[in-house]
Number of protein chains: 2
Amino acid sequence: MASLRTAVADTVARKSVSRTGRLVSAPRMGLVPAAQRLPLDEILVGDCIAAMNALPAASVDCVFADPPYNLQLGDGSLLRPDQSRVDAVDDAWDQFSSFAAYDEFTRAWLTAARRVMKPNATLWVIGSYHNIFRVGSVLQDLGFWILNDIVWRKANPMPNFRGKRFTNAHETLIWASRSAESKGYTFHYEALKGGNDDVQMRSDWFIPLCTGDERLKGADGQKVHPTQKPEALLARTLLSATNAGDVVLDPFFGTGTTGAVAKRLGRRFIGIERETVYAEAARARIDAVEPLSKAALLVAPTKRAEPRVAFLSVIEAGHIRAGEILTDARGRHEAVVRPDGTLMVGPAMGSIHKIGALVQGFPSCNGWDFWHAKRDGKLVLIDVFRGRMRAAMGSAA
Amino acid sequence: MASLRTAVADTVARKSVSRTGRLVSAPRMGLVPAAQRLPLDEILVGDCIAAMNALPAASVDCVFADPPYNLQLGDGSLLRPDQSRVDAVDDAWDQFSSFAAYDEFTRAWLTAARRVMKPNATLWVIGSYHNIFRVGSVLQDLGFWILNDIVWRKANPMPNFRGKRFTNAHETLIWASRSAESKGYTFHYEALKGGNDDVQMRSDWFIPLCTGDERLKGADGQKVHPTQKPEALLARTLLSATNAGDVVLDPFFGTGTTGAVAKRLGRRFIGIERETVYAEAARARIDAVEPLSKAALLVAPTKRAEPRVAFLSVIEAGHIRAGEILTDARGRHEAVVRPDGTLMVGPAMGSIHKIGALVQGFPSCNGWDFWHAKRDGKLVLIDVFRGRMRAAMGSAA
DNA sequence: TGTACCAGTGAATCAAATA
DNA sequence: GTATTTGATTCACTGGTAC
């Protein structure tokens, strides 16, 4: 079994132990030993920059990094409408004094990561609008070559509780090669296409949050890590951009999603994590993972729910015009279509559902099955237009 | 009819003409005249930084910017599988010598844009992974406050012809306020929700490319502009974050999608475009646009915007009697209505909000959404009575 | 053993008017 | 300027308990 290497940074000599030990130091920053064996399938506890500098140059095939996002939360706490408190990410490891400090941190770890990457290795970084623009700029400055930015569309994001912004429903991953000259990177184009109804895999991925049994919980029932990523997300990245047997380095290992998925998919991993609590949870988690048989290492096709279609989208697509009049099946009720996708009857405005309910005097109504538009002299249910939208959306849900 | 102001930058004195003229200069960079009238619904031909510096400070409600993407194409041309050539964006205006040069350009135009923004104005910028990380970083450095990043998911993106990457199926928009202190920005939360099946609008938008009749073509049948954006995209941004009558500035006007949509939706625009060919196409396009009726552009009032109603008024109007007992939805808590519009529970007295918070043990509570009165054997939320008061006051819907 | 209802929760840069 | 008051605001999913 692989080991967990845990130690504080100044105790290298005393605590550095053999492959079978459970506690292994990450060396101190500045000590860059000559090339040495790779700590495969191990978790190094310590600072990721020092630990990466202790690895041989050009030794890993892929890097997956989920760095601190540098969230800048307000002073007060955010309450839900039912007055319960949102459990915000306010851990010390996510605090930076300024954008400049965050940039410097980003430059440091990206530089260290780039050194250990093989010439054709690729790097993945995930982030949100708080940090991803900093990361992307620094990465370009360092000579990385962006291959794609990928949007993780969350199936079940946290809503916006105050109604002040759009629901923040996605995060962004950057996929980059080591340099513009690195043309030989791994990309399993055909496998991805085969798992996606034989059309090219797009840059927007629809994947649920990590919840349920997959989410690691402590003895107190609380989540072990505030930002554990779903295995499905890691699986798609590793299946896309690595081969079985490849070495994947994760410098912000957390509770080890990268390691768990790597083991399951027949990849090797090197994890680096500063917090012992996370590293220990990761070790136990990964030890329990059963690798898939080699034959089973195919891309799992994505399960697709029927995509939600906004009435506004039907207008934007030109199926229905703003200003047009909709009626019910018998023409007894009329409503005007507004450009924002609401309907208007007299002074009342609201969704197709709300206004449908209003004109009938019902508490509720499914507007899609109520309102009609006139086409070629005949009334057409607006749900027909939604069906056309869904057909056009195809695999994009 | 509004004018097209076209001129080269060094001919201000000679070519600057009246509102009805078709050729109007943008002043030279560095000349920043004192506040002057806004060139509403006009297109200024010239450098956007100089033109913005000639506008009065704090004069526009919204900025929409589609800057050059700084695409870094290889030397060779890209061929489709059928050997036809992909018409790449290789125009001179998209060429920058380095990331640093692009950053400097970005800093310059964002600084100029920020000056002309009203305190509660917001900015939209669209880009791809080639430039959006630079733009986002600079924008944060300048003090803009990101509200959302929005993903435009393309219904029909160009495939990846070589099978070397994921289909680049989206672009990113950043929506930012002028500063972290700008809390009063416009966001039509209710209308967006109403147009989206009564659930919050998310940060990922599914919208087709600009094709077909909407795509401007020259006499030769070729597209006039290589990156014309779909009107649906602009419509959603303007409906989200501006009011009818607001002034929208677009410093990279191109063929005028922003202007066309602004006119259709009853907004005013100021367009700045360097290339006369684009500006002339935009002018003709916008002149042909028919605005929507004012009635169709009314905004559904949010609760916050509706007239304030005192609980005492509800008692005075006879909807609720002094001495009556109010309860929560399940009858677990009771309070007595006092003639002065306060509630009483045991020895405690206070507003509907204070007493609601008290009995629940919460720090705060919206009493309108908590207390109920019994009418015909059923519990009725007191907010219903407020609604009747407002209806009687003439506040529609 | 279903079904219905209720409670909990996820990387959050989340108020505005009045005194 | 600060302090207080008023009062606006959630989606998809999981899991436990009641019936």
Side-chain angles (χ1 to χ4, degrees), chain A residues 66-91 93-96 99 102 126-132 152 154-172 208-215 217 221-223 225-230 252 254 305 308, chain B residues 120 140 144-149 176-177 179-185 187 189-190 193 196-203 302-306 308-311 330 350-354 356-357 362-371 382-383 386:
Chain A
D66 182 9
Y69 284 13
N70 189 25
L71 298 186
Q72 290 143 66
L73 306 175
D75 288 335
S77 62
L78 179 62
L79 297 182
R80 301 169 196 264
D82 66 0
Q83 304 279 32
S84 66
R85 205 174 63 82
V86 173
D87 185 17
V89 177
D90 54 2
D91 304 73
W93 50 256
D94 199 47
Q95 308 296 318
F96 292 83
F99 282 128
Y102 187 80
I126 184 168
S128 66
Y129 66 84
H130 310 84
N131 71 321
I132 199 65
W152 168 28
K154 301 180 183 183
N156 44 348
M158 190 186 296
N160 183 288
F161 293 114
R162 306 306 282 268
K164 297 298 291 178
R165 305 181 179 193
F166 299 94
T167 307
N168 191 9
H170 73 276
E171 293 187 23
T172 301
L209 296 177
C210 177
T211 59
D213 287 343
E214 188 186 322
R215 188 85 194 215
K217 307 266 172 52
Q222 298 296 304
K223 59 193 176 197
H225 194 284
T227 70
Q228 185 180 338
K229 295 294 178 288
F252 306 97
R308 178 186 291 275
Chain B
N120 280 319
Q140 288 179 312
F144 285 97
W145 193 245
I146 298 179
L147 299 169
N148 280 112
D149 60 333
S177 62
S179 82
E181 289 70 45
S182 310
K183 300 282 193 185
Y185 57 86
F187 179 56
Y189 175 78
E190 289 291 347
K193 189 175 169 180
N196 190 39
D197 266 20
D198 287 324
V199 293
Q200 295 184 341
M201 186 67 78
R202 295 169 44 119
S203 56
T302 64
K303 272 196 176 174
R304 219 185 279 279
E306 287 181 304
R308 175 183 292 265
V309 174
F311 184 60
R330 301 197 202 161
S351 69
I352 54 174
H353 314 296
K354 281 262 168 60
F362 289 168
S364 67
C365 162
N366 181 347
W368 294 108
D369 292 331
F370 179 72
W371 294 108
I382 61 172
D383 198 42
R386 181 170 65 162

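Here is the naming used below: chain letters follow the sequence lines, and residue numbers restart at 1 for every chain.
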For K354(B), the salt bridge (Lys or Arg N to Asp or Glu O under 4.0 Å) test, sequence neighbours excluded, returns none
Ranking W368(B) and D82(A) by the position along DNA chain D of their nearest nucleotide, the one closer to 5' is W368(B)
Open item on the list: Over all strands shown, is P208(A) touching base, sugar-phosphate only, or nothing at heavy-atom distances under 4.0 angstrom?
Closed with: nothing
Applying side-chain hydrogen bond (donor to acceptor under 3.5 Å, both in side chains) to S177(B) and not counting sequence neighbours gives none
| request: Answer with base, sugar-phosphate or nothing: what part of the nucleic acid does P230(A) contact at a heavy-atom distance below 4.0 Å? | output: nothing
The side-chain hydrogen bond (donor to acceptor under 3.5 Å, both in side chains) partners of S364(B) (sequence neighbours excluded) come to none
Validation row: N70(A), F99(A) side chains within 4.5 angstrom (heavy atoms):
yes
Read 5' to 3' with Watson-Crick or G-U pairs under 3.5 Å, [ ] for crossing pairs and | for partners on another strand, DNA chain D gives .|||||....|||||||||
With sequence neighbours left out, the residues meeting salt bridge (Lys or Arg N to Asp or Glu O under 4.0 Å) with K303(B) are D383(B)
Give me, pair by pair, the N or O atoms of the protein and of nucleotides 2-4 of chain C that are less than 3.5 Å apart, along with how far apart they are.
none

Its 5'-most and 3'-most nucleotides having an atom under 4.0 Å from a non-hydrogen atom of chain B, DNA chain D is contacted over dT5(D) to dC11(D)
- Message: Categorize K229(A) for me: base, sugar-phosphate, or nothing, with a 4.0 angstrom heavy-atom threshold over every strand shown.
- Response: base
Of R330(B) and L71(A), the one whose nearest nucleotide on DNA chain C sits closer to the 5' end is R330(B)
Residues at least two apart in sequence or cross-chain that pass salt bridge (Lys or Arg N to Asp or Glu O under 4.0 Å) with D91(A), listed by chain then number, are none
Note to self: Mind checking if T302(B) touches a base, just sugar-phosphate, or nothing, with heavy atoms under 4.0 Å?
What the structure shows: nothing
With heavy atoms under 4.0 Å as the rule, sort A88(A) into base, sugar-phosphate or nothing.
base
Once you apply a heavy-atom cut-off of 4.0 Å, does E190(B) come out as touching a base, just sugar-phosphate, or nothing? sugar-phosphate
Between N or O atoms, less than 3.5 Å apart, protein on one side and nucleotides 14-17 of chain C on the other: list the pairs.
{"from": "dC14(C)", "atom 1": "O2", "to": "N160(A)", "atom 2": "OD1", "distance (Å)": "3.1"}
{"from": "dC14(C)", "atom 1": "O2", "to": "F161(A)", "atom 2": "N", "distance (Å)": "3.2"}
{"from": "dC14(C)", "atom 1": "O2", "to": "R162(A)", "atom 2": "N", "distance (Å)": "2.5"}
{"from": "dC14(C)", "atom 1": "N3", "to": "F161(A)", "atom 2": "N", "distance (Å)": "3.0"}
{"from": "dA15(C)", "atom 1": "OP2", "to": "R162(A)", "atom 2": "NH1", "distance (Å)": "2.9"}
{"from": "dA16(C)", "atom 1": "OP1", "to": "K164(A)", "atom 2": "NZ", "distance (Å)": "2.6"}
{"from": "dA16(C)", "atom 1": "OP1", "to": "K183(B)", "atom 2": "O", "distance (Å)": "3.3"}
{"from": "dA16(C)", "atom 1": "OP2", "to": "K183(B)", "atom 2": "O", "distance (Å)": "3.4"}

With syn meaning chi within 90° of zero and anything else anti, the base of dT5(D) is anti
D66(A) near the nucleic acid: base, sugar-phosphate alone, or nothing, with a heavy-atom cut-off under 4.0 Å? base
For K229(A), the salt bridge (Lys or Arg N to Asp or Glu O under 4.0 Å) test, sequence neighbours excluded, returns D66(A)
| said: Any donor-acceptor pair under 3.5 Å linking the side-chain atoms of S351(B) with those of H353(B)? | reply: no
K154(A) NZ to dA12(C) C1', in whole Å, measures 10 Å
H170(A) NE2 to dG10(C) C1', in whole Å, measures 16 Å
DNA chain C nearest-nucleotide lookup for H130(A) and T211(A): closer to the 5′ end is T211(A)
Residues at least two apart in sequence or cross-chain that pass side-chain hydrogen bond (donor to acceptor under 3.5 Å, both in side chains) with Y185(B), listed by chain then number, are none
Review point. What is the nucleic acid contact for N70(A), judged by heavy atoms within less than 4.0 Å: base, sugar-phosphate only, or nothing?
Key: nothing
### Task
Please work out if R85(A) contacts a base, only the sugar-phosphate, or nothing of the nucleic acid, heavy-atom cut-off 4.0 Å.
nothing
The side-chain hydrogen bond (donor to acceptor under 3.5 Å, both in side chains) partners of S77(A) (sequence neighbours excluded) come to none
Categorize I146(B) for me: base, sugar-phosphate, or nothing, with a 4.0 angstrom heavy-atom threshold over every strand shown. base
Rounded to whole Å, the CG-P distance (D94(A) to dA12(C)) equals 10 Å
query: If you look at every strand shown and take non-hydrogen atoms under 4.0 Å, does C210(A) touch a base, only sugar-phosphate, or nothing?
result: nothing
